[in-house]
Participant: 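Can you keep this structure in mind? I'll have questions shortly.
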Amino acid sequence: MTVSLNSKLPGFGTTIFTVMSKMAAEHGAINLSQGFPDFEGPQLLRDRAAWHMAHGHNQYSPLAGVPPLLEAITETVESLYGAKIDPGAELCVTPGATEAISTAIAVTVHPGDEVLIVDPAYDCYDPCVRLNGGVPVHVPMTAELEVDWAALESACTPRTRLLVLNSPHNPTGGALREADLQALKRLLSARPMLMVLSDEVYEHMVFDGALHHSLLRDPALRDRAFVVSSFGKTYHATGWRIGYCIAPPEAMKEFLRIHQFTNFSANAPLQYALADVLRDLPEHHLGLAAFYQDKRDRFLSLMAETGFRCSPSAGTYFQLADYGALSDEKDMRFVERLTKEAGVAAIPLSPFFAEDPGRPWVRFCFAKDDETLERAVERLAAFRPD
């Protein structure tokens with residue numbers, strides 16, 4: 001007998017990141033699609049992970065995380081943003097930022113509640129809302145790829161419970177400015193039931209001397225927000241799957257209640273290793289913006305010789321490119337041809353939208369060795385679709 005299951009996510013297939021990475025592997029293409037580096041993180045981090053594995057830190061960690069890492073995060077957040085958080089009441093280490101995002105949504109959203117999602121949006125937000133019985137309300141960015149605060153205001157209803165923001169932003173590479181935080185405060189001031197989920201996993205990758213406008217900088221915003229970050233992004237170790245969430249005490253109490261029944265705790269020896277590196281190698285995260293800006297600038301310089309048109313990313317390790325001068329194909333068809341014929345995989349932008357705007361955009365990841373970027377752009381420059 002075949003069991004028939006009623007899907008909780010009908011219409012959702014495999015993520016575009018998995019699809020494009022699989023296609024890249026099948027065709028021997030250079031993978032500039034999925035967002036992971038092709039280089040290793042700090043040697044000290046790997047050494048400390050091995051040390052802790054060899055010295056007995058291999059059992060369950062406490063629910064919220066190991067004390068040395070909680071303390072190190074607390075000190076780092078205060079040094080970066082001036083925010084004094086209570087590690088015993090406002091902080092949880094999670095098995096990846098996605099679990100933190102999912103849990104924050106579960107805390108906030110009950111059946112019928114509405115969640116504002118700014119499009120283009122990372123693809124885990126919408127399904128997490130639906131799994132909790134919520135209603136995703138997608139609000140497109142402006143034509144200039146900025147948050148449309150007037151549209152968000154209009155989209156609010158008495159059922160609106162959560163606004164999801166992402167800065168620096170995947171996939172556009174944009175970043176919130178001070179004016180955005182002021183607009184956010186105005187939006188929240190009249191809506192005491194509205195919380196914010198601030199996805200800040202690329203917090204250390206903001207370019208051209210700009211400031212990362214974390215919601216943690218402002219006490220009024222911090223009291224209304226779940227702020228999520230990712231060690232995997234910061235330390236070039238996306239496979240380690242360790243992130244964390246900071247939230248007000250009452251929200252964190254409920255966060256921990258749900259977290260204990262999903263993953264309970266993150267990988268213990270890696271938590272201890274990250275605590276060591278946060279303490280002993282702060283120059284890594286403090287120098288990350290310069291490191292990735294060099295890669296962005298190199299990539300843009302190389303791309304100037306292609307038919308793609310790019311405006312420099314303000315943050316992340318992603319670069320949007322307009323392929324309109326090369327083809328009038330839909331973006332999915334274009335990246336398929338790019339992968340198979342040019343030997344370079346990219347991500348189409350349409351999967352990041354609830355309604356495809358039809359613009360000729362693809363996203364490239366420049367978190368790659370210089371040689372990888374050079375070989376990829378050489379292939380892109382030679383690509384001439386019919």
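Treat the numbers as computed from the prediction; the structure is a model and nothing was measured.
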Participant: What is the ring orientation for His57 with Trp51, classed by angle as parallel under 30°, tilted 30 to 60°, or perpendicular over 60°?
Facilitator: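 Plane angle between 30° and 60°, so tilted.
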Participant: Could you work out, with ring pair (Phe, Tyr, Trp, His ring centres under 6.0 Å) as the rule, every residue matching Tyr317, not counting sequence neighbours?
Facilitator: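 Listed in chain order: Tyr202, Tyr292.
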Participant: Anything under 30° is parallel, anything over 60° is perpendicular, the rest tilted; go ahead and classify Tyr122 against Tyr125.
Facilitator: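 Perpendicular: the ring planes of Tyr122 and Tyr125 meet at over 60°.
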Participant: Testing the basics here: between Pro385 and Leu326, what is the closest heavy-atom pair and its distance to 0.1 Å?
Facilitator: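 Closest approach of Pro385 to Leu326: CG-O, 3.3 Å.
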Participant: Does a side chain donor of either Ser229 or Glu200 reach within less than 3.5 Å of an acceptor in the other side chain?
Facilitator: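 No donor-acceptor contact under 3.5 Å links the two side chains.
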Participant: Report the C-alpha distance between Asp208 and Arg296 in whole Å, list the side-chain angles of each, state the deciding distance to 0.1 Å, and finish with yes or no for salt bridge (Lys or Arg N to Asp or Glu O under 4.0 Å).
Facilitator: CA-CA 11 Å; Asp208 302 310; Arg296 180 205 67 176; 2.9 Å; yes
Participant: Going through the checks in order, is the side chain to side chain contact (heavy atoms under 4.5 Å, CB included) test met by Leu184 and Leu165?
Facilitator: CA-CA 10 Å; Leu184 175 59; Leu165 294 175; 3.9 Å; yes
Participant: In sequence, state the C-alpha distance, the side-chain angles, and the governing distance for Val164 and Val129, and then conclude on side chain to side chain contact (heavy atoms under 4.5 Å, CB included).
Facilitator: CA-CA 11 Å; Val164 183; Val129 171; 5.7 Å; no
Participant: Are the side chains of Tyr235 and Ile242 in touch, meaning some heavy atoms are under 4.5 Å apart?
Facilitator: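 When only atoms from C-beta onward are counted, Ile242 and Tyr235 do not touch, as no gap falls below 4.5 Å.
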Participant: Just grab all the salt bridge (charged side-chain N to carboxylate O under 4.0 Å, His left out) pairs involving residues 335-349, residues at least two apart or on different chains.
Facilitator: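 Qualifying pairs, neighbours excluded: Glu329-Arg337, Arg337-Glu341.
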Participant: Looking at every heavy atom in both Leu286 and Leu80, which two are closest together, and how far apart are they?
Facilitator: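 Closest heavy-atom pair between Leu286 and Leu80: CD2-CD2, 4.0 Å.
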Participant: Quiz question: by atom type and distance under 3.5 Å, do the side chains of His259 and Glu99 form a donor-acceptor pair?
Facilitator: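 Distance-only check passes for His259 and Glu99.
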Participant: Quiz question: by atom type and distance under 3.5 Å, do the side chains of Asp38 and Thr372 form a donor-acceptor pair?
Facilitator: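 Short answer, yes.
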Participant: Mind checking what makes side chain to side chain contact (heavy atoms under 4.5 Å, CB included) contact with Asp223, not counting sequence neighbours?
Facilitator: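 Testing Asp223 for side chain to side chain contact (heavy atoms under 4.5 Å, CB included), a comparison that skips the adjacent residues, returns none.
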Participant: Name all pairs fulfilling the side-chain hydrogen bond (donor to acceptor under 3.5 Å, both in side chains) condition that reach into residues 129-142, sequence neighbours left out, sorted by first residue then second.
Facilitator: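 Counting only pairs at least two positions apart or across chains, the side-chain hydrogen bond (donor to acceptor under 3.5 Å, both in side chains) contacts touching residues 129-142 are Asp119-His138, Asp126-Arg130, Asp126-His138, Thr142-Glu144.
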Participant: Out of Gln319, His169, Gln293, which residue meets the side chain to side chain donor-acceptor pair (under 3.5 Å) rule with Ser313?
Facilitator: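 Among the candidates, only Gln319 passes.
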Participant: What orientation do Phe291 and Phe39 show, parallel under 30°, tilted 30 to 60°, or perpendicular over 60°?
Facilitator: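 Rings of Phe291 and Phe39: perpendicular, as their planes differ by over 60°.
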Participant: Which pairs pass side-chain hydrogen bond (donor to acceptor under 3.5 Å, both in side chains) with one or both residues in residues 65-94, sequence neighbours excluded?
Facilitator: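 Output for this query lists Tyr81-Glu203, Glu90-Arg222.
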Participant: Do Gln271 and Asn267 have a side chain donor and acceptor closer than 3.5 Å?
Facilitator: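 Judged by distance alone, the side chains do not pair up.
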Participant: Sequence neighbours left out, what passes side chain to side chain contact (heavy atoms under 4.5 Å, CB included) with Arg161? Give chain and number order.
Facilitator: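 Arg161: side chain to side chain contact (heavy atoms under 4.5 Å, CB included) contacts with Thr108, Asp113, Arg159, Met193.
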